[in-house]
Q: 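Pasting a structure here, questions to come.
What you see is a predicted model; the values in this text were computed from it and never measured.
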Amino acid sequence: MKILYVCHEPLPSPYTNTEQIVKTAAALAHAGIDVDVIAPRRPSEPADDRHPQKIAEFYGIPFDALDNGLRIIERVVPRAIRGNAIRPWHDVVASSFARGRGYDFVYTRDPFSLLTALAAHPRVIFETYRIDLNSRRRFAAWRHLCYRRAALLGIVAHSRMARDSFLKLGFDPGRVLVAHNGFAPEAMIPRLSSADARRRLGLPPDGPLVTYAGHVDGTKGLDELAAMARALPEVHFIVVGQMGKPRTVPRAPNIRMLPRVPPAQVAPYLFAADCLVIPPSAKPLRAHRRTVLPMKTFLYLATGRPIIGPDLPDLREILTPNHDAVLVEPDRPAAAAAALGALLADPGRQRELATNALTTSVRYTWQARADKIAAFLHDLLDRQ
C-alpha cells in the first residue's frame with residue numbers, strides 16, 4: 001500500500017500537528033506501508049541532501065525509517081506566496097501531485113486540504129481531533145461539500161468524542177476509526193531521575209517542581225495554571241513551549257517560562273518534575289472546542305510521574321481518576337491548587353500514581369496506533 005500524507009507546514013516545525021504527522025508516518029512505514037509526506041519548503045531554505053535526516057533528528061524518529069518506506073517530499077513555495085497563503089497553495093499542489101502516481105490513499109488532517117484532495121483523488125482519508133467541524137454553523141458548507149463525496153472513504157478520529165461527532169451526522173461506524181495518539185518509547189531513553197534531569201537542565205535542585213509542556217496561548221487554560229501557582233508560592237512551575245512573545249502569558253513569581261524545544265528534547269523537562277499538569281480548565285474543550293485529548297497526555301503517562309488535570313470526558317478516555325492521575329473539577333483553580341498541594345505532600349501517593357501511569361502508557365505507542373490505522377486502511381480497500 002502507498003499513501004500520500006499532506007503536511008502543509010514546512011518541516012521541521014515547532015507546531016504539534018507536524019510532530020503528530022511525522023511520527024504517525026514513520027510508524028506507518030514500519031507497519032509496511034509506503035508513506036510519502038509532502039510538505040512545503042520556503043524558498044529561503046537552500047536544498048540540502050541531509051534535510052530529511054535533520055527532520056528525523058528534530059522529531060526523534062529512527063533514521064532507518066527514511067530508507068524503509070518513509071519519504072519526505074518538499075515543494076518549494078514561490079516567493080510571491082507568503083504568510084497564510086502558503087497553506088492553501090500547498091494543499092492544491094499536493095493534491096495535484098497525487099494524480100497518476102499510484103497512491104492508494106491521500107491522507108490529510110487539514111479541512112481545506114480535504115476539499116482539494118477529494119477533487120483530485122478517488123480515495124481520501126481524513127484524520128482529525130476536532131469536534132467543532134461537526135457542530136458549528138460556519139463549517140456547514142464545508143461539511144456539505146466534503147461529507148457527501150464518495151471519495152471520502154474513511155475518518156481517523158483522535159478520540160471517541162471526535163468519532164461520536166461523526167456518527168451523529170450519520171457516518172457508517174465502520175468508516176470511522178478511533179486511533180488515540182501516542183508516544184515513542186525510544187524518546188524516553190535514558191530515563192532520568194528528577195535530580196539528574198534538574199542538574200542537566202539547570203533547574204532548581206530543591207523544592208517541588210511542576211511542569212507543563214505544550215502550546216502557550218490563551219486557548220490552553222494557562223490562566224488557571226497561573227492561579228494555581230500563585231496559591232502555591234513554595235512550588236516551582238515551569239512552562240515549556242513559549243514561541244515568540246504571546247500577547248497573553250500567565251504571570252506568577254514562581255512560574256518560569258521556557259521556549260519551545262524540539263520534540264526529541266522534551267523528555268528531560270518532564271523527568272525533572274514531581275508532577276505534570278494539564279491546565280485544569282474546560283475552556284480548551286468546551287469554549288474553544290479545538291483541544292480534544294491533548295497529545296501531551298500520552299508522553300506524560302510514559303514519563304512515570306503523577307499527573308493532575310481537569311475532570312473532562314476526553315481525558316477520561318485515557319486517564320483513570322485516582323489510579324494514574326488526579327482529575328479535578330475544571331475552572332476552580334483554588335480547589336486544583338489544594339489537590340496539587342496535597343499530592344506533593346504525599347510521596348506514597350505520588351509513587352502509586354506514577355507506577356500506574358507507566359502501566360497505562362504501554363497501550364499508547366505510535367507503533368500501536370499505526371498498526372491499527374494500517375489494518376483500517378487495508379479493510380477499507382478490501383471493502384471497496
Q: Could you tell me which non-hydrogen atom of A65 sits nearest to which non-hydrogen atom of A26, and how far apart they are?
A: CB-CB, 4.3 Å
Q: For atom OH of Y15, is the number of surrounding heavy atoms from other residues, nucleotides or ligands below 6.0 Å larger than 12?
A: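 Atom OH in Y15 is not crowded, with 12 or fewer foreign heavy atoms closer than 6.0 Å.
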Q: Is the number of heavy atoms from other residues, nucleotides or ligands under 6.0 Å of D382 CG greater than 12?
A: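 Check passes, neighbour count above 12.
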Q: Apply salt bridge (Lys or Arg N to Asp or Glu O under 4.0 Å) to the pair D206 and R198, showing each step before the final yes or no.
A: CA-CA 9 Å; D206 302 315; R198 292 189 196 196; over 6 Å; no
Q: Can you check side-chain contact (heavy atoms from CB on, under 4.5 Å) on L114 and L118, steps first, answer last?
A: CA-CA 6 Å; L114 178 60; L118 289 169; 3.9 Å; yes
Q: Whether R191 and D196 form a salt bridge (side-chain N of Lys/Arg under 4.0 Å from carboxylate O of Asp/Glu) is what I want to check.
A: no
Q: Considering only heavy atoms from C-beta outward, does the side chain of L225 approach that of S281 to under 4.5 Å?
A: no
Q: Quick one: do L177 and I33 end up in the same hydrophobic cluster if we chain Ile, Leu, Val, Met, Phe, Trp and Tyr together by side-chain heavy atoms under 4.5 Å apart?
A: yes
Q: Please report the closest heavy-atom contact between F105 and L380, naming both atoms and the distance.
A: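 Looking at all heavy atoms of both residues, the shortest contact is CZ-CB, 4.3 Å.
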Q: Aromatic rings F97 and Y103: how do their planes relate, parallel, tilted or perpendicular, breaks at 30° and 60°?
A: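 The rings of F97 and Y103 sit tilted, inter-plane angle from 30° to 60°.
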Q: Once rounded to the nearest 0.5 Å, what's the spacing between atom CG of L145 and atom CG of L152?
A: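 The CG atom of L145 sits 12.5 Å away from the CG atom of L152.
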Q: Quick one: CD1 on I318 to CD1 on I307, what's the gap to the nearest 0.5 Å?
A: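 The CD1 atom of I318 sits 11.0 Å away from the CD1 atom of I307.
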Q: Test your reading of the model: is there a side-chain donor-acceptor pair from T18 to the backbone of P14, 3.5 Å cut-off?
A: no
Q: With no hydrogens and no angle check, is any side-chain donor or acceptor of N254 less than 3.5 Å from a backbone partner on F237?
A: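 The answer is no, because no donor-acceptor pair under 3.5 Å joins these two groups.
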Q: Is the closest basic N to carboxylate O distance between R332 and E224 below 4.0 Å?
A: no
Q: How about R316 and L327: do any of their side-chain heavy atoms sit closer than 4.5 Å?
A: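 In short, these two side chains touch, coming nearer than 4.5 Å.
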Q: Report yes or no: does E127 contribute a side-chain atom to a donor-acceptor pair with the main-chain N or O of I21 at less than 3.5 Å?
A: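 Answer holds: no.
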Q: Checking N356 side chain against E352 main chain: does a donor-acceptor pair fall under 3.5 Å?
A: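 Yes: the side chain of N356 pairs with the backbone of E352.
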Q: Spell out, as yes or no, whether a donor-acceptor pair under 3.5 Å connects the side chain of R143 to the backbone of L133.
A: yes
Q: Taking the side chain from Q350 and the backbone from R305, do they hold a donor-acceptor pair closer than 3.5 Å?
A: no
Q: Examine V92 and F126 and state if one hydrophobic cluster contains both, with Ile, Leu, Val, Met, Phe, Trp and Tyr joined whenever side-chain heavy atoms are less than 4.5 Å apart.
A: yes
Q: So does T320 get a backbone contact from the side chain of D324, meaning a donor-acceptor N/O pair under 3.5 Å?
A: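 At least one qualifying donor-acceptor pair exists.
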Q: What distance separates L115 CG from S95 OG, expressed to the nearest 0.5 Å?
A: 9.5 Å
Q: Of the non-hydrogen atoms in A273 and T211, which two are nearest, and what is the gap between them?
A: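 Taking A273 first and T211 second, the nearest heavy atoms are CB-OG1, 3.3 Å.
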Q: Look up atom CE in M1 and atom CG in L28, then write down how far apart they are to the nearest 0.5 Å.
A: 9.5 Å
Q: When rounded to the nearest 0.5 angstrom, what distance separates CG in D104 from CG in L4?
A: 11.5 Å
Q: I'd like to know if the side chain of H90 reaches the main chain of I38, judged simply by a donor and an acceptor atom lying under 3.5 Å from each other, with no hydrogens or angles considered.
A: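 A pair under 3.5 Å: yes.
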Q: Is I278 reachable from V216 through a run of I, L, V, M, F, W or Y residues, each pair having side-chain heavy atoms under 4.5 Å apart?
A: yes
Q: Would you call the rings of H180 and F298 parallel, tilted or perpendicular, where under 30° means parallel and over 60° means perpendicular?
A: tilted
Q: Are N181 and W366 packed together at the side-chain level, in the sense that at least one heavy-atom pair is separated by less than 4.5 angstrom?
A: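 Yes. Closest side-chain heavy atoms under 4.5 Å.
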Q: According to a 4.5 Å side-chain heavy-atom criterion applied to Ile, Leu, Val, Met, Phe, Trp and Tyr, with indirect links allowed, do M257 and I238 form part of one hydrophobic cluster?
A: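 Shared cluster, yes.
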Q: Would you call the rings of Y129 and H158 parallel, tilted or perpendicular, where under 30° means parallel and over 60° means perpendicular?
A: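 Geometry flag for H158 against Y129: tilted rings.
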Q: Using every non-hydrogen atom in the two residues, find where A29 and V35 come nearest and quote the distance to one decimal.
A: N-CG2, 4.1 Å
Q: Decide yes or no for E57 and R50: does some side-chain heavy atom of the first lie under 4.5 Å from some side-chain heavy atom of the second?
A: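 Counting from C-beta outward, E57 and R50 do come under 4.5 Å.
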Q: Are I131 and V156 co-members of a hydrophobic cluster defined by side-chain heavy atoms under 4.5 Å apart?
A: no
Q: From the options R42, R87, R109, R41, select the one residue that forms a salt bridge (Lys or Arg N to Asp or Glu O under 4.0 Å) with E9.
A: R87
Q: Go through the steps to decide whether E74 and H51 satisfy the test side chain to side chain donor-acceptor pair (under 3.5 Å), and finish with yes or no.
A: CA-CA 10 Å; E74 296 178 293; H51 192 57; 3.1 Å; yes
Q: Within the 4.5 Å heavy-atom criterion, are Y107 and I373 side-chain neighbours or not?
A: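 Yes, at least one pair of side-chain atoms sits under 4.5 Å.
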Q: Going through the checks in order, is the side-chain contact (heavy atoms from CB on, under 4.5 Å) test met by R260 and T16?
A: CA-CA 11 Å; R260 201 172 186 96; T16 304; 2.7 Å; yes
Q: Can a donor-acceptor pair be found, under 3.5 Å and without considering hydrogens, that links the side chain of D314 to the backbone of V292?
A: no
Q: Side-chain contact, heavy-atom cut-off 4.5 Å: L340 with V326?
A: no
Q: Strictly distance-based, threshold 3.5 Å: is any side-chain N or O of R175 a donor or acceptor partner for the main-chain N or O of L153?
A: yes
Q: Between M188 and L358, is there a side-chain heavy-atom distance shorter than 4.5 Å?
A: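 Answer no - side chains too far apart.
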Q: Locate the shortest heavy-atom distance separating P306 from L343; write the atom from each residue and the value.
A: CB-CD2, 3.9 Å
Q: Using side-chain contact (heavy atoms from CB on, under 4.5 Å), reason through H236 and L203 one step at a time and then give a plain yes or no.
A: CA-CA 9 Å; H236 301 290; L203 295 173; over 6 Å; no
Q: If every non-hydrogen atom of K23 is compared with every non-hydrogen atom of P263, which pair is closest and at what distance?
A: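 Between these two residues, the closest heavy atoms are NZ-CB, 4.1 Å.
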Q: What do the steps show when you test D36 against Y5 for side-chain contact (heavy atoms from CB on, under 4.5 Å), and what is the final call?
A: CA-CA 6 Å; D36 289 350; Y5 202 141; over 6 Å; no
Q: Between atom CD1 of I55 and atom CD1 of I61, what is the distance when rounded to the nearest 0.5 Å?
A: 8.0 Å
Q: Are side-chain heavy atoms of V261 and V240 found at a separation under 4.5 Å?
A: yes
